[in-house]
Amino acid sequence: MKILIMNGPNLNLLGVREPGIYGDSSFESYLPKLKERFPEVEIEYYQSNVEGEMINKLQEVGFSYDGIVLNAGAYTHTSVALHDCIRSLKTPVVEVHISNVFTREDFRHHSFLSPACKGVICGFGLDSYRLAVESFVN
């Protein structure tokens, strides 16, 4: 089984950026724990601050991988282009968020991506990624 975990803009700053919301761990420090928990799964990680690069990567893997775990960051609330890309893929996508977006600013309550995704997980910190991977494994 092959799964891509993709993080969008500013998520390269996890552990530094607003630790009260996103925690004090980087994704790079969390990833080995996730891979250890799922040794039977080939987990690839990709991060970009650029919407077009994210779309290119989704198109690259979206017809051959078993699952995509996507935290599109702020693009969740703005990107019709990512929505259209997800809709065009064969590979199912699970949208994840570290924080509970529904307890935050009103503009974060709407996702352009959710209607195109298999499911949505939010509010469990970095554990949201584990739950998304489990959704594919189970």
* Give the cluster check for Ile121 versus Phe27: same hydrophobic cluster or not, with ILVMFWY residues linked at side-chain heavy-atom distances below 4.5 Å. => yes
* Crowding at CD, Glu28 (>12 non-hydrogen neighbours, <6.0 Å) -> yes
* **Tyr65 backbone acceptor or donor facing Thr91 side chain under 3.5 Å** => yes
* Asked: Step by step, would you call Glu36 with Lys33 a salt bridge (charged side-chain N to carboxylate O under 4.0 Å, His left out)?
  -> CA-CA 5 Å; Glu36 184 178 318; Lys33 298 171 193 167; over 6 Å; no
* **Donor-acceptor contact present, side-chain Asn100 to main-chain Cys122, <3.5 Å** => no
* Measure the OH-CD distance between Tyr75 and Glu51 for me, rounded to the nearest 0.5 Å. => 5.5 Å
* **Under 3.5 Å side-chain donor-acceptor pair for Glu95 and Thr76** => no
* Asn71 side chain vs Asn7 backbone, donor-acceptor pair below 3.5 Å -> no
* Heavy-atom closest contact (Pro9 atom, Ala72 atom, distance) -> CD-O, 3.4 Å
* **In one Ile/Leu/Val/Met/Phe/Trp/Tyr side-chain cluster, 4.5 Å: Tyr45, Val133** => yes
* Asked: Would Val61 end up clustered with Val41 when hydrophobic side chains under 4.5 Å apart are linked, directly or stepwise?
  -> no
* **Phe124 atom CZ: more than 12 heavy-atom contacts under 6.0 Å** => no
* Verify the cluster assignment for Ile3 and Ile68: are they in a single hydrophobic cluster under the rule of side-chain heavy atoms below 4.5 Å apart? => no
* Structure fact -> Taken to the nearest 0.5 Å, the spacing of Leu82 CG from Ile55 CD1 works out to 4.5 Å
* Asked: Does the side chain of Tyr46 reach to within under 4.5 Å of the side chain of Leu4, using non-hydrogen atoms?
  -> yes
* Asked: Do the rings of Tyr30 and Tyr129 sit parallel, tilted or perpendicular, given the 30° and 60° boundaries?
  -> tilted
* How many angstroms lie between atom OG of Ser128 and atom NE2 of His97, to the nearest 0.5 angstrom? -> 9.0 Å
* Honestly curious: do Leu131 and Ile43 fall in one hydrophobic cluster under the side-chain, below-4.5 Å linking rule? -> yes
* Shortest non-hydrogen separation from Val94 to Ser135 and the atoms involved -> CG2-OG, 3.7 Å
* Nearest heavy atoms of Val137 and Phe38, plus distance in Å -> CG2-CD2, 4.0 Å
* Distance-minimising heavy-atom pair for Val96 and Ala132 -> CG1-CB, 3.6 Å
* Contact summary for Leu58 and Cys85, nearest pair of heavy atoms -> CB-SG, 3.7 Å
* Asked: Measuring from Glu60:CD to Leu89:CG, what's the distance to the nearest 0.5 Å?
  -> 12.0 Å
* Straight-line distance of Met54 CE to Ser79 OG, nearest 0.5 Å -> 8.0 Å
* Asked: What's the spacing between Ile98 CD1 and Asp127 CG if we round to 0.5 Å?
  -> 11.0 Å
* To do: Please determine which of Glu53, Met6, Lys57 meets the side chain to side chain contact (heavy atoms under 4.5 Å, CB included) test together with Ser48.
  => Glu53
* Of all heavy-atom pairs between Ser111 and Pro115, which one has the smallest distance, and what is that distance? -> O-CD, 3.7 Å
* Asked: Tell me, do Leu34 and Ile5 make a side-chain contact under 4.5 Å, heavy atoms counted?
  -> yes
